[in-house]
Amino acid sequence: MINLEHIVKRFYVGKPNELEILHGIDLKVYEGEFVSIVGASGSGKTTLMNLIGILDRPTEGEYFLDDVDVCHAPDRELSHIRNKKIGFVFQTYNLISRTSALKNVELPMLYAGIDRKTRRARAKELLQLVDMEERMQHTPDELSGGQKQRVAIARALVNHPAILLADEPTGALDSVTGRKIMDLFHKLHKEQGITIVLITHSNELAEETQRIITLKDGEIIGERKGSISCC
Ligand SMILES: Nc1ncnc2c1ncn2[C@@H]1O[C@H](COP(=O)(O)OP(=O)(O)OP(=O)(O)O)[C@@H](O)[C@H]1O
């Protein structure tokens, strides 16, 4: 499904310098897998995730997402694929404050031109899935960190993505709440068959995935099996 070959990422940091952050990444993630990416701060995890999520393009290398040649496809096709196939979850939730949980989840569907009735029904269904149906009229300010992350996960799922990319989703949460969010990912993986790529600083949570990829200084230095068996 996700196939990265010899990916290099450089950032332009003012003439004449370019900073090379990823130095030739080869990575395949198969449909239905639950994979984690670990590594020290600054090792390039988010940079890699942004490339996988087509939020950025590699400087060199090849990236095929299913049969799409991401490095050579036009921007319009890429944003279409991103919206249809990929859901994003971030450490900082990225919810709109002063807007209810329900409306936050509805918003991507509004942009997609989906009618109000369908939007509302889908948002309610997803808030139920993440156990937030009783709080759907609350604004983010009225929710705990774990609850906000549940709403953010519901929002990430609106377009039925095949892939969920989660960048430190439990990073701002205490361990008990983080545990519950991880249980939710397990549920989504198991019951909905979603492919999940998770960045985490927690070795304990990474161990629970099917495969753990270790990044160091922009290179994959290790890959091992986690504790849950493959599909
Ligand atoms: N747009 C950019 N321009 C220049 N340098 C960048 C840019 N984005 C990231 N970097 C650099 O790339 C390196 C890797 O950053 P990245 O955010 O991918 O690391 P990370 O492993 O996700 O770190 P953390 O765990 O702290 O979030 C860092 O040194 C960072 O400063």
Side-chain angles (χ1 to χ4, degrees), residues 1-29 33-65 70-71 73 75 78-79 82 85-95 145-146 148-149 152-153 155-156 161 163-175 177-179 181-182 184-185 195-224 226:
M1 175 172 240
I2 293 167
N3 187 5
L4 303 175
E5 287 183 4
H6 316 306
I7 292 292
V8 172
K9 181 65 188 176
R10 293 188 204 101
F11 290 110
Y12 179 70
V13 286
K15 246 177 175 175
N17 302 318
E18 271 195 320
L19 208 57
E20 189 168 300
I21 301 299
L22 299 177
H23 318 291
I25 299 282
D26 292 306
L27 175 65
K28 283 186 172 67
V29 178
E33 254 197 309
F34 190 172
V35 172
S36 52
I37 299 176
V38 298
S41 181
S43 56
K45 303 182 296 294
T46 297
T47 304
L48 177 59
M49 193 68 112
N50 288 345
L51 296 179
I52 295 174
I54 330 180
L55 293 170
D56 200 0
R57 285 182 192 252
T59 313
E60 287 172 22
E62 297 290 336
Y63 175 17
F64 284 88
L65 178 58
V70 171
C71 297
D75 285 345
L78 293 184
S79 48
R82 189 171 51 235
K85 280 201 174 170
I86 305 174
F88 294 91
V89 179
F90 303 97
Q91 179 174 344
T92 47
Y93 324 120
N94 295 5
L95 297 172
K148 281 191 262 228
Q149 196 56 292
I153 292 169
R155 186 190 50 188
I163 304 167
L164 199 57
L165 300 180
D167 192 346
E168 288 283 357
T170 63
L173 305 174
D174 63 78
S175 58
T177 313
R179 166 77 270 144
I181 293 296
M182 192 64 182
L184 177 57
F185 283 122
T195 305
I196 303 178
V197 183
L198 166 78
I199 290 182
T200 179
H201 273 114
S202 161
N203 286 327
E204 202 181 313
L205 296 184
E207 284 304 329
E208 292 178 18
T209 64
Q210 290 171 329
R211 195 151 56 98
I212 303 141
I213 313 286
T214 306
L215 264 188
K216 188 180 178 197
D217 298 333
E219 287 181 55
I220 291 178
I221 56 155
E223 186 177 321
R224 64 186 197 282

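Just follow the structure's listing: the first ligand is 1, and inside any ligand the first atom is 1. Remember, it's a predicted structure, so these values are computed and weren't measured experimentally. Side-chain atoms are counted along with the backbone in the values below, which use heavy atoms only and exclude waters and symmetry mates.
Side chain of Thr59 to main chain of Arg10: a donor-acceptor pair is present (N/O by atom type, distance under 3.5 Å, no hydrogens or angles). Under the 3.5 Å distance criterion, the side-chain polar atoms of Glu62 are left unmatched by any main-chain donor or acceptor of Cys71. A distance-only check finds a donor-acceptor pair linking the side chain of Lys45 to the backbone of Gly39 [under 3.5 Å].
More than 12 heavy-atom neighbours from other residues, nucleotides or ligands sit within 6.0 angstrom of CD on Glu20.
With a 4.0 Å cut-off on non-hydrogen atoms, Glu168 does not touch ligand 1 at all. The part of Ile21 lying near ligand 1 is the side chain, judged by heavy-atom distances below 4.0 Å.
Under 3.5 Å, the side chains of Glu60 and His6 contain no donor-acceptor pair of N or O atoms.
Among all non-hydrogen protein atoms, the one lying nearest atom 17 (O) of ligand 1 is Thr46 CB, 3.6 Å. Closest to atom 18 (O) of ligand 1, if we only count protein heavy atoms, is Thr47 OG1, 2.6 Å. The single protein non-hydrogen atom nearest to atom 23 (O) of ligand 1 is Gly42 N, 2.9 Å, given as residue, atom name and distance.
When each atom of ligand 1 is checked for a heavy atom of Ala40 under 4.0 Å away, the hits are 21 (O). Within the listing of ligand 1, atoms 25 (O) sit less than 4.0 angstrom from a heavy atom of His201. Within ligand 1, the atoms closer than 4.0 Å to a non-hydrogen atom of Lys45 are 18 (O), 19 (O), 20 (P), 21 (O), 22 (O), 23 (O), 24 (P), 25 (O), numbered from 1 in the order shown.
At a threshold of 4.0 Å, the pair Glu33-Lys28 does not count as salt-bridged, since none of the basic side-chain nitrogens sits closer than that to a carboxylate oxygen.
At a 3.5 angstrom cut-off on N or O pairs, Phe11 does not count as close to ligand 1.
Rounded to the nearest 0.5 Å, atoms OG1 (Thr46) and CD1 (Ile199) are 4.5 Å apart.
Within a 4.0 Å radius of atom 31 (O) of ligand 1, the protein contributes no heavy atom.
The closest heavy-atom contact to atom 24 (P) of ligand 1, among the options Ser41, Ser43, Gly218, comes from Ser41.
Considering Leu65, Leu164, Ile52, Leu55 in turn, Leu65 is the only one that fulfils the side-chain contact (heavy atoms from CB on, under 4.5 Å) rule with Ile86.
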